[in-house]
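Side chains included, hydrogens not; waters and symmetry mates left out as well; all remaining heavy atoms used. First the proteins, then the strands, lettered A, B, ... as listed; each starts at 1.
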Amino acid sequence: KQEVTQIPAALSVPEGENLVLNCSFTDSAIYNLQWFRQDPGKGLTSLLLIQSSQREQTSGRLNASLDKSSGRSTLYIAASQPGDSATYLCAAASRYNNNDMRFGAGTRLTVKP
Amino acid sequence: DAGVIQSPRHEVTEMGQEVTLRCKPISGHDYLFWYRQTMMRGLELLIYFNNNVPIDDSGMPEDRFSAKMPNASFSTLKIQPSEPRDSAVYFCASSPSGRRTGELFFGEGSRLTVL
């Protein structure tokens, strides 16, 4: 059974700092890996989707990488801003059933002005 | 498009009462998912539909939970009878098929409190 882990559970950084959020998964047979943002009391917003054949995806100040062999993905946020404060979750979809998506518990990010 | 729409946003009920949560997926999306989020267990998939047909309900915790999708624009998740341990945020999400398969779009959730 796929297990997805995100460390650290919480992270606090000063504004302007570059940061990396980590996601690890136990089963490398994935269809894709997705990063989401969740604001308090809100739903999840998809940030980046990396297909299993890809190594990375970029959107603005965000860059997500995928290394299936090591079971790792990272989300890099450049020049962090207070508006980036949220919980970031990663989710891995199974290669055998791409609708079987396992979520990590998330990293709660606080960017201090 | 307005996105995935869920109602109610908040529900407080007493143990034993029936609860019905509603979801309108994004138009044109073939897949609809119901998730539950708690502090202890995180996000868990309860059930998902493809073209209105339930495909996998192995995540539904008990027979007290049921879900339907009578048409492409509407789904319900029902809990009868409700129990305090059902308190959680219930999310509906939809996903397109084709090139963007797997990209999930979530609603804002229904926060359920069972007293």
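Side-chain heavy atoms closer than 4.5 Å link hydrophobic residues (I, L, V, M, F, W, Y) into clusters, and following such links, even through other members, never connects M60(B) to F33(B). The hydrophobic clustering, which links ILVMFWY residues whose side-chain heavy atoms are closer than 4.5 Å, places F106(B) and L32(B) apart. Under a hydrophobic-cluster definition in which Ile, Leu, Val, Met, Phe, Trp and Tyr are linked whenever side-chain heavy atoms come within less than 4.5 Å, directly or via other members, L46(B) and F103(A) are assigned to different clusters. Cluster annotation: L33(A) is connected to L47(A) through the hydrophobic network of ILVMFWY side chains, with a link wherever side-chain heavy atoms come within less than 4.5 Å. Cluster membership check: V19(B) shares its hydrophobic cluster with L77(B), using side-chain heavy-atom separations under 4.5 Å among Ile, Leu, Val, Met, Phe, Trp and Tyr.
Within the 4.5 Å cutoff, the side chain of M101(A) has no heavy atoms near those of the Y48(B) side chain. By the 4.5 Å heavy-atom criterion applied to side chains, D100(A) and D56(B) are not counted as neighbours.
Listed for the E103(B) side chain is no donor-acceptor partner under 3.5 Å among the backbone atoms of L49(A).
F91(B) approaches K42(A) most closely through the heavy-atom pair CZ-O, 3.6 Å.
Between the CZ atom in F105(B) and the CG atom in L44(A) there is a gap of 12.5 Å [rounded to 0.5 Å]. Taking CG of L43(B) as the start and CZ of F36(A) as the end, the distance is 9.0 Å to the nearest 0.5 Å.
The 12-atom threshold is not exceeded at CD of E14(B), counting heavy atoms of other residues, nucleotides or ligands nearer than 6.0 Å. Counted within 6.0 Å of CZ on R64(B), heavy atoms from surrounding residues, nucleotides or ligands total more than 12; the atom is thus considered enclosed. Atom CG of D63(B) is surrounded by 12 or fewer heavy atoms from other residues, nucleotides or ligands within 6.0 Å.
Using a 4.5 Å cut-off between heavy atoms, R9(B) contacts chain A through its side chain alone, with no backbone atom that close. Heavy atoms closer than 4.5 Å to chain A are found in the side chain of Q37(B), but not in its backbone.
Residues of residues 107-115 of chain B having a heavy atom under 4.5 Å from any heavy atom of chain A, listed by number: G107(B), E108(B).
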